[in-house]
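Below: the structure, in structure tokens.
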Protein chains: 2
Amino acid sequence: MKKETNAPVCEVEIVDGKKVEKAKEKIADTDQVLEMADIFKLLGELTRLKIVLVLLNSELCVCDLAAAMDANVSTVSHQLRLLRNAKLVKYRKEGKMVFYSIDDNHINDAIKKIKEHTEE
Amino acid sequence: MKKETNAPVCEVEIVDGKKVEKAKEKIADTDQVLEMADIFKLLGELTRLKIVLVLLNSELCVCDLAAAMDANVSTVSHQLRLLRNAKLVKYRKEGKMVFYSIDDNHINDAIKKIKEHTEE
DNA sequence: CAAACACTTGCACGTTTGTTCAAATGTATG
DNA sequence: CATACATTTGAACAAACGTGCAAGTGTTTG
């Protein structure tokens, strides 16, 4: 086992330098890792995940979305904003109503990115 | 447009009943939706996502993991526990060291579940 | 043009969560 | 058996987050 000879504290104590180097490469592209994390984070919350799952089927207005998932309109709207910012959903205005749907292009891009990472 | 005739407050005001019903079905399986959210939540945090990405390559001990991602050993260990509980990673003890790696079976199960939902 | 309505937004609150430090556990080794 | 070391764990703290209310915007309709 190769060990660093310094390291007075239990830190920066590396056991297998080569592995560590390879590992670092895997996460070197900070922006991409951050982007992945953001998408996962967005889907990792119940209200938002429900919204996305529901919208995979069809376009819905905020009101119906809220009804379908038994949530407050305000809550749904707040979370829609986050999904909108991340371009996971898109919207279409029709009078005073707003219809939301999945932004397929961006979702597919996201899935691609994740696959690239997991299937290397 | 069909509307409920009650609804004094701006609530439970349903515009398209059929759509709402279909939407409800999509998220009817509460357990499964929760399970999906948990996995996404786990991957939606930078430290944990990095751990997973790094482990996709090779097995690493806690010490090297921490070194590779420039994080505190304690922090890594805490997050490893969560990934372990969710069976996303598995571990192997060798003396005083613990080597972590991806628990492929469970990861694949997870991916399947997500695909089922997204490709219906 | 006032009232109703769909939706958004700002704020405040309580909760959850990630991190760090310090101490504990368990294992090798001299 | 004491020391060194890898890892885990608990406690404490700050930061981030989701939610609901109330107020605001913009649009339709009588």
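Note on naming: letters A, B, ... go to the chains in the order of the sequence lines (proteins, then strands), and numbering restarts at 1 for each one.
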R92(B)/E94(B) under salt bridge (Lys or Arg N to Asp or Glu O under 4.0 Å): CA gap, chis, key distance, verdict: CA-CA 7 Å; R92(B) 174 177 72 81; E94(B) 195 177 315; 2.7 Å; yes
Please tell me if [X] has a side-chain N or O lying less than 4.0 Å from either OP1 or OP2 of [N].
X       : N       : result
R48(A)  : dC17(D) : no
Q79(A)  : dC17(D) : no
R84(A)  : dT9(C)  : yes
Y100(A) : dT8(C)  : yes

Whole-Å distance separating the [atom1] atom of [X] from the [atom2] atom of [N]:
X      : N       : atom1 : atom2 : answer
N85(A) : dG18(D) : CG    : P     : 13 Å
M97(B) : dA28(C) : CE    : C1'   : 12 Å
K50(A) : dG18(D) : NZ    : P     : 14 Å
L42(A) : dG18(D) : CG    : P     : 9 Å
M69(A) : dT19(D) : CE    : P     : 8 Å
Y91(A) : dA6(C)  : OH    : P     : 19 Å
K93(B) : dA28(C) : NZ    : P     : 11 Å
E59(A) : dA6(C)  : CD    : P     : 16 Å

Of V62(B) and K41(A), the one whose closest DNA chain D nucleotide lies more 5':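 The 5'-side residue here is V62(B).
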Closest contact, heavy atoms only, Y100(A) versus L55(A): O-CD2, 3.4 Å
Sequence neighbours excluded - salt bridge (charged side-chain N to carboxylate O under 4.0 Å, His left out) pairs with any residue from residues 74-89 of chain B: none
Euclidean distance, L88(B) CG relative to L83(B) CG, rounded to 0.5 Å: 6.0 Å
Crowding at NZ, K90(B) (>12 non-hydrogen neighbours, <6.0 Å):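 Yes, enclosed.
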Sugar-phosphate only, base, or nothing, as touched by F99(B) at under 4.0 Å among non-hydrogen atoms: nothing
Partner of E21(A) by side chain to side chain contact (heavy atoms under 4.5 Å, CB included), out of K24(A), K18(A), K19(A):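 The side chain to side chain contact (heavy atoms under 4.5 Å, CB included) with E21(A) is passed solely by K24(A) among K24(A), K18(A), K19(A).
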Which atom pairs, donor and acceptor, lie under 3.5 Å between side-chain atoms of residues 37-51 of chain A and protein residues at least two apart or in another chain?
from: E45(A); atom 1: OE1; to: T47(A); atom 2: N; distance (Å): 3.3
from: E45(A); atom 1: OE1; to: R48(A); atom 2: N; distance (Å): 3.2
from: R48(A); atom 1: NE; to: L42(A); atom 2: O; distance (Å): 2.8
from: R48(A); atom 1: NH1; to: Q79(A); atom 2: OE1; distance (Å): 2.9
from: R48(A); atom 1: NH2; to: K41(A); atom 2: O; distance (Å): 3.3

Distances under 3.5 Å between protein N/O atoms and the N/O atoms of nucleotides 20-26 of chain C, please, pair by pair.
from: dT20(C); atom 1: OP2; to: T75(B); atom 2: OG1; distance (Å): 2.7
from: dT20(C); atom 1: O4; to: H78(B); atom 2: NE2; distance (Å): 3.1
from: dC21(C); atom 1: N4; to: S74(B); atom 2: OG; distance (Å): 2.8

